[in-house]
Amino acid sequence: MLPVRGRDGRAARAARILRTRTAWTPVGDGEFFCPGCGGDRNYQRLTGRRRLTLLGVPVLPRGAAGPVVECAACGHHFGTEVLDHPTTRRFSAMLRDAVHTVALAVLAAGGTGSRTALETAAATVRAAGFADCTEDRLAALVEALAADTGRYFEQPCGAGLTIELHEALDPLTPHLAPAGRESLLLQGARIALADGPYTPAERDALTTVGAALAICSDDVTRLLAAARTPS
């Protein structure tokens with residue numbers, strides 16, 4: 001192969017002689033969801049200093065670099081915004097807690113007198129990850145929450161209900177696809193319908209669930225109607 005000549009050749013030689021290199025310094029570590037690997041991995045958070053090198057010897061500072069997140073598995077660097085995405089384990093826990101909170105909200109709105117509704121709620125919560133959930137435990141929780149008027153609510157869609165739902169759903173909602181948010185609302189709707197048509201309080205509670213999941217009111221109405229249709 002012929003050597004590179006002319007301006008391009010001089011530029012290539014200069015690039016080999018003068019380079020900018022970054023010296024990275026670890027400033028933290030942890031676990032994150034790596035977009036490159038597609039799973040939970042360990043990471044290091046790095047900050048860097050750029051330097052111009054002459055034949056590999058640092059000669060001039062060129063400013064700060066980073067911070068970046070380096071995956072311990074694939075070695076790729078990412079912006080620190082990737083740390084806003086929950087790990088798979090954290091996401092599973094958030095989803096499990098959200099299902100549990102929605103079930104309690106619907107049961108509290110409709111009362112715990114229906115064994116069918118309790119059985120449906122318990123099965124839904126167990127499927128979400130609380131393997132030891134029982135009807136009696138849910139009924140006891142609803143009664144305790146209803147008695148704790150400073151924490152829960154006395155009227156349908158009261159301030160306490162809204163707070164409880166937003167605490168569970170706000171961190172999760174940005175990471176759920178529209179179908180996932182709709183599925184969570186439908187799970188609550190099926191609990192409400194287990195013992196008959198929606199009561200006004202149940203519909204109010206489900207509307208609050210939909211709002212917390214950033215589902216528009218028209219779609220909430222559509223989904224609640226669809227849940228009543230036998231599959």
Do [X] and [Y] touch side chain to side chain, with heavy atoms closer than 4.5 Å?
X	Y	result
C133	L138	yes
T101	L169	no
P171	M94	yes

Non-hydrogen atoms of [X] and [Y] that approach each other most closely:
X	Y	result
P67	T47	CB-CG2, 3.9 Å
V125	A103	CG2-CB, 3.8 Å
C34	C37	SG-N, 3.2 Å
H166	A212	CE1-CA, 3.7 Å
A105	L165	CB-CD2, 4.0 Å

With D170, which residues qualify under salt bridge (charged side-chain N to carboxylate O under 4.0 Å, His left out), at least two apart?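 D170: no salt bridge (charged side-chain N to carboxylate O under 4.0 Å, His left out) contacts found.
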
With E135 via salt bridge (charged side-chain N to carboxylate O under 4.0 Å, His left out) - residues at least two apart: none

Partners of [X] by side-chain hydrogen bond (donor to acceptor under 3.5 Å, both in side chains), sequence neighbours excluded?
X	answer
R89	E31
R96	none
D136	R115

My understanding is that a hydrophobic cluster links ILVMFWY residues whose side chain heavy atoms are under 4.5 Å apart, including indirect links. Using that, what else belongs to the cluster containing L83?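 Members besides L83, by chain and number: F32, Y43, V69, F78, V82.
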
Mind checking who shares a hydrophobic cluster with V68, ILVMFWY linked at side-chain heavy-atom distances under 4.5 Å?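 Result for V68 is W24, L46.
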
Please list all pairs meeting side chain to side chain donor-acceptor pair (under 3.5 Å) that have one or both residues in [range], counting only residues at least two apart or in different chains.
range	value
residues 172-187	E182-R222
residues 116-133	D132-R137
residues 78-88	D40-T88

According to ring-ring contact (aromatic ring centres under 6.0 Å, His included), does anything in residues 96-133 pair up with another residue at least two apart or in another chain? List the pairs.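 Every ring-ring contact (aromatic ring centres under 6.0 Å, His included) pair that includes a residue of residues 96-133, provided the two are not neighbours, is H100-F130.
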
Cluster question for you: counting only ILVMFWY and a side-chain heavy-atom cut-off of under 4.5 Å, with indirect links fine, are L176 and L223 together?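 As far as the 4.5 Å side-chain criterion goes, L223 and L176 are connected within one cluster.
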
Taking atom [atom1] of [X] and atom [atom2] of [Y], what is their separation to the nearest 0.5 Å?
X	Y	atom1	atom2	result
Q44	E70	CD	CD	6.0 Å
L141	L107	CG	CG	10.0 Å
L186	I191	CG	CD1	11.5 Å
D219	L185	CG	CG	10.0 Å
T208	I163	OG1	CD1	12.0 Å

Just jot down the side-chain contact (heavy atoms from CB on, under 4.5 Å) partners of A189, sequence neighbours excluded, or say none.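 In terms of side-chain contact (heavy atoms from CB on, under 4.5 Å), with neighbours along the sequence ignored, A189 is linked to Y198, L206, L224, A227.
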
With side chain to side chain contact (heavy atoms under 4.5 Å, CB included) as the criterion, how do L172 and D97 come out once you've worked through the C-alpha distance, each side chain's angles and the decisive distance to 0.1 Å? CA-CA 10 Å; L172 176 67; D97 291 345; over 6 Å; no

Side-chain (T221) to main-chain (S217) donor-acceptor, under 3.5 angstrom: yes

Give the intermediate values and the outcome of side chain to side chain contact (heavy atoms under 4.5 Å, CB included) for residues D29 and R45. CA-CA 6 Å; D29 57 27; R45 185 184 175 102; over 6 Å; no

